[in-house]
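For reference, positions follow the sequence shown, starting with 1.
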Amino acid sequence: MNKKLEGKRLLIMGGMRISCEIVRKAKEMGIVTVVADYYPPEKSPAKQIADEAIEVSVTDVDAVVKVIREQHIDGVFVGFNDMLLPFYAEICRKAGLPCYGTKAQFETLIAKDRYKALCRQFGVPTIPEYDIDDENIKYPVLVKPVDSSGSRGITICHDRQELEEAVETGKEASKTGKVLIERYMDGREVTVFWTFQDGNYYLSALANRHVKHNQGTDVIPLPVGYTFPSVYLPKYRAEVEENCKRMFRHLGIRDGMMFMQCKVEDGTCYVYDLGFRLTGSLEYKILKRVCGYDPLEMMIAFALTGRMGEESIAGKAVPEFQTPAFNVSCLCAPGTIKAITGMDEVKALPEVDDVVLAHTPGETITEQMKGLLAQITVRVLGSVGSTEQLLPVMQRIDNTIHIIGVQGEELLLPGIEYSDIEGYVI
């Protein structure tokens, strides 16, 4: 524990359930946690476990700055929400507190059309696009809002009529009313993770993102698990890593973390989504377990000191992990959750580092949530001694956890299989 951080007051923007991860980590570090949003505590899970709770709209910059001054806040943190990042930057600027990015950086890296243009400029592969008036569109295509996350507003289209309908759907989900039309690449996926410290750029990990068509071919496939490291790592390091670093230098990035979700074709990783923030996949837990550093701890420290930790991670940030790691994502079918069982048994497994709930009994996965990351109900993270152990451990987790509906039905969707993982992991 960093003694310099003990007793410091951290304002956490947004009290959604995943923000509980930030609250718990900050408390472990001896920090006083203050969660702010416009919800009452009963509708804001992070407020329920924080030291203090404040009811204020975190998009009202001046109101939050007033809270910061009145409550003697030492730092501000925003975790998993793209939409809040520009407000976070403005709040920190007005309050004179550290912010790991600028408003301009966040706005560029939230807008898919803008960051994809940057990727092309610097030789970072990204999925090709079509114009709505292009007469040579080859179907299927994917329509997505330029500024949404969590798979919201995304549609797979097989003909012109579906395309025109999807464009309207995508515009409704976009704050700017703009969409992208991309070639639909239905194949293997990876996620690239970066950690930034004092202007140094570390490729932290390259994980296989195992997506599965377990709800029909017209529903966006969602991840049932991640495995580290990926067989595509050597090619990525040789052909793309330095191009990414040139792009980061151009943007002026110094601190923080980033993820890049990619489709893989002929061994090349094509970026289709990006976030300059913490990731809901919680891979920082794996980096701490396997590599010995924790990007969440580093970013909390930055919020209070302006530095991503006191020690360089140069010797630890090595994406060629010494031991293979995994992240099991348990997807819930539409329905109301009555119970989630098997959690204690999974937590007791020596390979498991943590089990994190995204939904709790009494909550409902609606039909409208199909194909959205909101269907992920439980995440299980850990590592194993050898590649051969990955699939058996991940399947044991899948077979142990059960998500039970109100009629006693099993809501857990099919998980990872041998065909999903074969030839994927180094």
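- For the salt bridge (Lys or Arg N to Asp or Glu O under 4.0 Å) condition, the pairs that include at least one residue of residues 350-360, sequence neighbours left out, are Lys285-Asp354, Arg289-Asp353.
- Considering only residues two or more places apart in sequence or on other chains, Gln48 meets the side-chain contact (heavy atoms from CB on, under 4.5 Å) condition with none of them.
- Taking the side-chain contact (heavy atoms from CB on, under 4.5 Å) definition, one finds that Glu165 meets it with Gln161, sequence neighbours left out.
- Residue pairs meeting the ring-ring contact (aromatic ring centres under 6.0 Å, His included) criterion with at least one member in residues 318-341, sequence neighbours excluded: Phe228-Phe321.
- In this structure, the ring of Tyr226 has its center no less than 6.0 angstrom from the ring center of His210.
- The one candidate from Lys112, Arg183, Lys144, Arg120 that meets the salt bridge (charged side-chain N to carboxylate O under 4.0 Å, His left out) condition with Glu129 is Arg120.
- The existence of a salt bridge linking Arg237 and Glu242 is excluded, since no basic side-chain nitrogen approaches an acidic carboxylate oxygen closer than 4.0 Å.
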Note to self: Is there a side-chain hydrogen bond (donor to acceptor under 3.5 Å, both in side chains) between Thr366 and Thr364? Walk through the geometry before answering.
What the structure shows: CA-CA 6 Å; Thr366 66; Thr364 299; over 6 Å; no

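- When atom types are taken as modelled, the side chain of Tyr293 and the backbone of Leu287 share no donor-acceptor pair closer than 3.5 angstrom.
- Remark: the Ser281 side chain and the Asn327 side chain contain no N/O donor-acceptor pair separated by less than 3.5 Å.
- Around atom NZ of Lys245, more than 12 heavy atoms belonging to other residues, nucleotides or ligands sit under 6.0 Å away.
- With sequence neighbours left out, the ring-ring contact (aromatic ring centres under 6.0 Å, His included) criterion links Phe248 to Trp194, Phe196, Tyr201.
- With sequence neighbours left out, the side-chain contact (heavy atoms from CB on, under 4.5 Å) criterion links Asp294 to Lys25, Tyr284, Lys288, Leu296, Glu297.
- Glu239 is linked by a salt bridge (Lys or Arg N to Asp or Glu O under 4.0 Å) to Lys235, counting only residues two or more places apart in sequence or in another chain.
- Residues Ile397 and Val352 form a side-chain contact, since some pair of their non-hydrogen atoms from C-beta on lies under 4.5 Å apart.
- Applying the ring-ring contact (aromatic ring centres under 6.0 Å, His included) test to every pair with at least one member in residues 154-193, sequence neighbours left out, gives no pairs at all.
- A salt bridge links Arg307 and Asp198; the closest N-O separation between the charged side-chain nitrogens and carboxylate oxygens is under 4.0 Å.
- Screening residues 32-44 for salt bridge (Lys or Arg N to Asp or Glu O under 4.0 Å) gives Asp37-Lys47 as the qualifying pairs, with residues at least two apart or on separate chains.
- For the pair Glu241 and Arg246, the salt-bridge criterion is not met [side-chain N within less than 4.0 Å of a carboxylate O].
- Each salt bridge (Lys or Arg N to Asp or Glu O under 4.0 Å) pair with one or both residues in residues 355-381, not counting sequence neighbours, appears once here: Arg17-Glu363.
- Looking at heavy atoms from C-beta onward, Gln105 lies out of side-chain contact with Leu85 at the 4.5 angstrom threshold.
- With sequence neighbours excluded, no residue satisfies ring-ring contact (aromatic ring centres under 6.0 Å, His included) with His402.
- Side-chain contact check for Ile127 versus Val271: every heavy-atom pair is 4.5 Å or farther apart.
- Between the side chains of Thr195 and Ser204, a donor-acceptor pair is found at a separation under 3.5 Å.
- The aromatic ring centres of Phe106 and Tyr100 sit less than 6.0 Å apart.
- In this structure, Arg188 forms a cation-pi arrangement with Tyr424, its terminal cationic atom sitting closer than 6.0 Å to the ring centre and no more than 45° off the ring axis.
- Among residue pairs with one or both ends in residues 396-418, those qualifying as salt bridge (Lys or Arg N to Asp or Glu O under 4.0 Å) are Lys212-Glu417; sequence neighbours excluded.
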